[in-house]
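Below you'll find the structure, written out as structure tokens, and then a few comments.
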Amino acid sequence: MAPSYLSLAFLLLGESFASQLPLFESASTSQIHLAAKKELVSSKSLQDSIHADSLFERAKTLYSIAELGEGEYNHPTRVIGSKGHLGTIDYIYSTIAELGDYYVLSNQSFPAVVGNVYESRLVLGSEVPVSAIAMSLTPPTTGKEPVLGPLALVSNVGCSASDYPDLSGKIALISRGECPFGTKSALAGRAGAVAAVVYNNEKGALGGTLGTPSPDHVATFSISDSDAAPHIKKLKNGELVEASAYIDAIVESIETTNIIAQTKEGDPDNCVMLGGHSDSVAEGPGINDDGSGSLTLLEVATQLTNYHVNNCVRFAWWAGEEEGLLGSDYYVSVLSPEENLKIRLFMDYDMLASPNFAYQVYNATNAVNPVGSEELRDLYTEFYTSHGLNFTYIPFDGRSDYDAFIRHGIPGGGIATGAEGVKTEAEQQMFGGIAGDWFDPCYHQLCDNLANLNLTAWELNTKLVAHSVAMYAQSFDGFPKRTSFEAAAVPDALPGKYHGHQLQL
Ligand SMILES: *[C@@H]1O[C@H](CO)[C@@H](O)[C@H](O)[C@H]1NC(C)=O
Ligand SMILES: *[C@@H]1O[C@H](CO)[C@@H](O)[C@H](O)[C@H]1NC(C)=O
Ligand SMILES: *[C@@H]1O[C@H](CO)[C@@H](O)[C@H](O)[C@H]1NC(C)=O
Ligand SMILES: *[C@@H]1O[C@H](CO)[C@@H](O)[C@H](O)[C@H]1NC(C)=O
Ligand SMILES: [Zn+2]
């Protein structure tokens, strides 16, 4: 039987197999037989290898890894820098390494800034604004001690130095809008402010990140529009509002690691790439976000080893997604133009098992994204439709690791099951679950644990991931060729309101 398989394989594989022959130069004949005996991957067979119980077994392992974070954080977490994240990276790396020589496995280390707020307090006049929270990546107040000073209203939206009077010894009150929170904090710091408060220019509470640290940043809070309103009124009437601010926090630079696994087989100039993020937020174990996506990739990568591929398949587990897409940004930023052009598309798999799920497809169109994004979008929607399932389109607005890819000319897309969005009545009709609740009621919280997974959605979506891998691993016939590694013309998405899960603007 083996010989006929071998000749069949050569017939089917043609040139792309021949170009791989040097890999096997030193291999024995029996190894060549083994390599050639594999069938070409098909969507059906790869999908058939996916089972919810295997995914859930992996989730149990991941949860116990998150518990390694308890020593430092007092609860399970896989945030970058924690033992939970180091354990996650080890688990992914060793799982792929144990698959033998099907993949070339590599680590990519890069510097990342991490912050942790231990304690914070803001008082405006005689009130403690209930909505006040310290922004992510804020520095502490001087000496990690409370600072006192009159509140001072900054002109306009505080995006230009001329909006800031001399603020020596004062606490700046700044509207949200137009420029990143980090710019406002730095301008306040340069004007001499001892702390800053950014209030929402829309209804409701506000939270966000200062982004890349600057020596000019001062301790910065965010508050809601309604908590700010009475103080703005007083300041405009020329009244004095005494304030005090206190933040105990650290911002530090660490090294963290992306893991990349690429098939040895398949045309290395035409790669199917997919990724999920290996890290969680500090608040919890991140079993749905993005344990689900990471483990889906691990399971699909494991099952794929039973098959031959025509095109190279490259899996990525990004670190630092929750800190602002750090790992995927870094990866794309160091690709040479030549390497960039080898990636035919990037598929993002972040949160595939939300308990109150919807089947969501990023509305990635060719009109505003690299050409090919829409073909990928349609592959997803056709899958749901062919299974008699509903789906919704969601904005492709920079909240996950596809961002750097589409900004560098690589077609992108993906699926998700929902984060802190509220399920509508219509979506309850379409997907079941509970209207009025978040898709993931435990999003970025401690309860994102083993109970925070819908296995029906997870298994179905993992089959869809398998389908996407199998289809493109077989062939890119009809899929648009790469033409450019220039930034996509994303007119209203530059600069993004989001870059990652956190608001920066
Ligand atoms: C890559 O990272 C893994 C997981 O932390 C580690 O076990 C392995 O030794 C690293 N490999 C290299 C080549 O650095
Ligand atoms: C998808 O995006 C296109 C623009 O690229 C827009 O015209 C269309 O309305 C969007 N569809 C949905 C359902 O949001
Ligand atoms: C799809 O949504 C419609 C309502 O828009 C609903 O009647 C139907 O049952 C849904 N299909 C499935 C498979 O849930
Ligand atoms: C997952 O979703 C399916 C379909 O809506 C539902 O029947 C099932 O009860 C859910 N499972 C869990 C554990 O919530
Ligand atoms: Zn995520």
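In listed order, ligands and their atoms are each counted from 1.
- Between Thr365 and ligand 2, an N or O atom pair is found at a separation short of 3.5 Å.
- The distance from ligand 4 to the heavy atoms of Phe431 drops below 4.0 Å at these ligand atoms: 5 (O).
- The Zn ion (ligand 5) has Asp350 among its coordinating residues (N/O/S atom, backbone or side chain, under 2.8 Å).
- Scanning both residues, Gly327 and Phe110, for their nearest heavy atoms gives CA-CZ, 3.3 Å.
- The nearest protein heavy atom to atom 14 (O) of ligand 4 is closer than 4.0 Å.
- Less than 6.0 angstrom separates the ring centroid of Tyr384 from the ring centroid of Tyr359.
- Nearest heavy-atom pair across His85 and Ser278 is NE2-OG, 2.9 Å.
- Scanning both residues, Glu323 and Asp279, for their nearest heavy atoms gives OE1-OD2, 3.7 Å.
- Residue Asp289 counts as close to the Zn ion (ligand 5), with an N, O or S atom under 2.8 Å.
- The shortest contact between atom 3 (C) of ligand 2 and any protein heavy atom is with Asn363 ND2, 3.7 Å.
- Every atom of ligand 4 with a heavy atom of Thr456 under 4.0 Å away is listed here by number and element: 1 (C), 3 (C).
- Judged by distance alone, the side chains of Asp348 and Ser400 do bring a donor and an acceptor atom under 3.5 Å apart.
- Every atom of ligand 2 with a heavy atom of Tyr393 under 4.0 Å away is listed here by number and element: 13 (C).
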